[in-house]
Novice: 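Please see the structure below; I have some questions.
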Amino acid sequence: MNSTLYSLIGLGAGVAFILALKGLSHPKTARRGNLIGAFGATVATLSVFLYVTPPRDGSPAHSLPLNNFWWIIGAILIGLIIGVPAARKVEMTQMPQLVALFNGVGGGAAALVAIVEYLNLGAEATTAEVIFTVFTVVVGCVSFSGSVITFMKLQELMTTRPVVFPGGRFVIAGTLAAVLGTSVWVVTALGTTPLLVLAALSLLFGVLFVLPVGGADVPIVISLLNAFTGLTVAASGYVLSSTLLIIAGTLVGASGTILTRLMAEAMGRSLFGTLFGAFTAKPQEASGSAEERPVRSGSADDVAILLNYARRVVIVPGFGLAVAQAQHTVRELADLMISKGIDVAYGIHPVAGRMPGHMNVLLAEANVPYDQLAEMDEVNPTFGQTDVAIVIGANDVVNPAAQTTPGCPIYGMPILEVNHAANIIFLKRSMRPGFAGIENELLYDPKTMLLFGDAKASLTKVVSALKAL
Amino acid sequence: MDAIAIISIFTLAVFVGFEVVSKVSSTLHTPLMSGANAIHGVILVGAIIVADHSETNLELGLSLAAIVLATINMVGGFVVTDRMLEMFKPKKNVNEKGGE
């Protein structure tokens with residue numbers, strides 16, 4: 001294949017990626033968009049096998065096949081054997097952490113590519129190339145280790161609360177200074193050792209950067225690291241003279257930045273506050289007295305009676321619903337109420353679940369009709385006319401502290417105002433606070449009734465009690 | 001490559017990236033993030049190129065590791081995005097099943 005055809009295929013793949021992102025922005029075309037992206041990536045990968053990039057010294061390129069051909073094929077097969085089953089088998093509830101992990105390995109791959117090309121070029125590298133290499137290694141490593149930490153937080157392999165230790169901000173600032181210092185060292189001294197030191201420091205910085213981020217802010221960080229990885233791909237495209245990598249990486253970097261901002265807006269957070277909260281955050285102690293206050297708990301029959309005489313019910317599903325795999329049971333309850341002439345809607349918070357839009361995916365999986373899903377702005381004004389709000393496995397997204405308590409970690413986040421409904425039912429496993437680790441005053445409200453237990457078991461009992469009425 | 005050409009490509013790609021996702025409903029944020037994530041898996045192309053350039057065992061080892069990671073990112077990313085989007089099937093189907 002000649003270089004013109006190779007470049008044109010790369011251009012075609014770049015166009016496919018633009019169409020993919022465009023398609024993914026609309027529900028009707030989303031799936032097709034993703035397939036176009038996959039097609040573009042496949043064609044681009046195949047084309048690399050048919051064209052050998054000539055060496056920089058101007059000597060002619062070696063003939064096909066590529067050097068190390070079978071090694072390359074073997075490595076791709078290993079990647080397929082690991083990646084495809086992971087993507088196919090993952091539970092939809094655990095999907096956010098898988099996306100985080102996929103993003104991290106992409107960042108790691110970009111860093112490795114930059115390191116190899118640097119080792120290969122040695123003293124021939126231009127200053128610009130070294131600077132781009134340094135950028136790729138730093139950001140790729142941060143993305144890798146940061147994503148691993150977000151994975152561990154979401155998988156609850158470690159605490160979801162912000163990890164803050166005394167003097168933490170000095171350690172973070174010190175590590176950042178060391179990263180910058182080593183970067184200058186690499187650019188001026190040109191050697192393998194400085195580059196490996198830089199990679200190690202960047203991995204450390206990634207860990208320190210994500211540790212202080214609170215559970216509820218993790219999706220924003222995943223999205224930001226995704227944008228970072230995009231930029232590293234663009235930078236390695238510069239070093240490898242690949243237009244395709246520059247286009248694809250920049251597209252992801254730019255769209256990822258916008259997406260990060262949109263998510264932060266949906267959560268009412270400033271991006272800056274989320275990321276640099278670490279520098280000001282203090283370790284928080286949950287107030288012990290709150291645990292002992294009285295709450296009103298009821299039985300499934302009490303809940304059924306309340307629902308039977310309601311005219312309008314809003315269901316607020318949260319991540320707890322998905323963990324209990326209760327999507328199908330909740331749909332059954334909703335169908336039953338509708339058959340009794342009750343007006344039913346689902347109030348979906350933009351960040352219900354673990355990521356924006358995650359809850360819509362989970363409910364779609366349970367075949368909940370799309371027109372029953374109401375977005376926050378739609379449903380909030382109706383809570384005043386709502387007889388019963390059922391909160392299932394959600395907590396932070398209905399916590400009025402977000403509106404009333406300046407200084408609490410979720411202050412300013414828009415919430416579903418279930419506190420305006422005439423009655424509130426919480427289905428909870430325990431009095432344990434939500435993902436953000438904040439006490440919810442609403443649980444102690446006199447018009448709140450709590451139904452303790454596994455969400456699926458509780459809902460099944462409510463359904464049979466309601467049928468009996 | 002010519003610096004001006006690169007700056008032009010980069011700048012235009014930034015604007016295209018901003019434009020295509022500026023009006024997305026929050027419903028699609030997760031699939032969009034996942035899809036964009038899969039797209040940067042195209043670093044696989046770069047990993048294959050450096051594997052071809054590799055002259056020492058160290059270089060080859062690192063570039064093969066990069067290929068494994070990039071393949072996981074790209075293929076896994078597209079597959080998981082497709083699984084997510086599969087659930088947003090046409091509404092007719094959903095209603096039929098809903099009425100069973």
Side-chain angles (χ1 to χ4, degrees), chain A residues 17 21-22 24-25 27 30-31 34 37-38 41 44-45 48 66-68 72 75-76 78-79 82-83 87 99 102-103 105-106 108-110 112-113 116-117 119-120 223 226 229-230 233 236 240-241 245-248 250-252 254-255 258 266 350 355-358 360-361 364-365 367 369, chain B residues 1 9-10 13-14 16-18 20-22 24 26-37 39-53 59-60 62-82 84-85 87-88 91 94 97-98:
Chain A
F17 293 151
L21 288 174
K22 183 84 191 151
L24 280 164
S25 308
R31 199 165 180 203
N34 185 55
T45 308
V48 188
L66 298 184
N67 295 330
N68 309 312
I72 294 172
I76 291 177
I78 293 173
I82 299 171
V99 174
F102 284 162
N103 174 49
V105 296
L112 286 172
V113 167
V116 175
E117 191 63 7
L119 296 177
N120 192 275
S223 178
N226 189 34
T229 306
V233 171
S236 39
L240 294 171
S241 302
L245 291 186
I246 297 177
I247 295 175
T250 311
L251 278 175
V252 176
S255 60
I258 292 284
M355 267 192 192
H358 190 194
N360 303 65
V361 174
E365 191 189 11
N367 296 323
Chain B
M1 218 187 300
I9 293 170
F10 176 78
V14 166
V16 173
F18 281 165
V20 287
V21 300
S22 57
V24 188
S26 63
T27 314
L28 282 171
H29 281 179
T30 296
L32 181 63
M33 188 208 293
S34 180
N37 181 25
I39 288 175
H40 67 51
V42 77
I43 185 67
L44 176 59
V45 168
I48 294 173
I49 294 175
V50 295
D52 173 61
H53 291 180
E59 289 172 22
L60 181 60
L62 292 177
S63 56
L64 292 179
I67 292 177
V68 173
L69 296 180
T71 309
I72 294 174
N73 181 191
M74 185 170 105
V75 182
F78 283 120
V79 171
V80 83
T81 310
D82 188 59
M84 260 183 252
L85 294 170
M87 292 166 190
F88 294 97
K91 282 166 199 157
V94 172
K97 282 187 189 167

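Chain naming here is simple, since letters A, B, ... match the order of the sequence lines and numbering starts at 1 in each.
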Novice: Let's test your reading of the structure: which of A:A75, A:A248, A:G230 forms the most heavy-atom pairs below 4.5 Å with chain B?
Specialist: A:A75
Novice: Sort out for me which of B:I39, B:N37, B:V79, B:V80 touches chain A most, counting heavy-atom pairs under 4.5 Å.
Specialist: B:N37
Novice: Rounded to the nearest 0.5 Å, how far does OG of A:S241 lie from CD1 of A:I246?
Specialist: 7.5 Å
Novice: Name the option with the most non-hydrogen atom pairs under 4.5 Å to chain A; the candidates are B:V21, B:D52, B:T71.
Specialist: B:D52
Novice: Tell me, side chain or backbone of B:V14 under 4.5 Å from chain A's heavy atoms, or both, or neither?
Specialist: both
Novice: Compare all side-chain heavy atoms of A:N34 with those of B:M84 and state whether any distance is below 4.5 angstrom.
Specialist: no
Novice: Determine the option with the most heavy-atom pairs under 4.5 angstrom with chain A, choosing from B:I49, B:L44, B:I48, B:V75.
Specialist: B:I48
Novice: Could you check whether any side-chain heavy atom of B:V50 comes within less than 4.5 Å of a side-chain heavy atom of A:L240, counting everything from C-beta outward?
Specialist: yes
Novice: In the structure I gave you, are the side-chain heavy atoms of B:L69 and A:L112 within less than 4.5 Å of one another anywhere?
Specialist: yes
Novice: Who among B:I72, B:T81, B:V20 has the most heavy-atom pairs with chain A under 4.5 Å?
Specialist: B:I72
Novice: Using heavy-atom distances under 4.5 Å, tell me whether A:S236 contacts chain B through its side chain, its backbone, both, or neither.
Specialist: side chain
Novice: Is any side-chain heavy atom of A:V116 closer than 4.5 Å to one of B:H53?
Specialist: no
Novice: Against chain A, work out which of B:S34, B:G41, B:A65, B:G46 has the most heavy-atom pairs shorter than 4.5 Å and name it.
Specialist: B:G46
Novice: Heavy-atom distance under 4.5 Å to chain A: side chain of B:L62, backbone, both or neither?
Specialist: both
Novice: Using non-hydrogen atoms only, which part of B:L60 is less than 4.5 Å away from chain A: side chain, backbone, both, or neither?
Specialist: side chain
Novice: What is the distance from atom NE2 of B:H40 to atom CG of B:N73, rounded to the nearest 0.5 Å?
Specialist: 5.0 Å
Novice: Can you tell me how far CD of B:E59 sits from CG of A:L119, rounded to the nearest 0.5 angstrom?
Specialist: 5.5 Å
Novice: Side chain, backbone, both or neither: which part of B:M33 has a heavy atom under 4.5 Å from chain A?
Specialist: both
Novice: For a 4.5 angstrom cut-off between non-hydrogen side-chain atoms, does A:V252 reach A:T229?
Specialist: no
Novice: Enter the distance from B:L85:CG to B:L28:CG here, rounded to the nearest 0.5 Å.
Specialist: 7.5 Å
Novice: What part of A:V48 gets within 4.5 angstrom of chain B, counting heavy atoms only: side chain, backbone, both, or neither?
Specialist: side chain
Novice: Heavy-atom distances under 4.5 Å only: say whether A:N226 touches chain B with side chain, backbone, both or neither.
Specialist: both
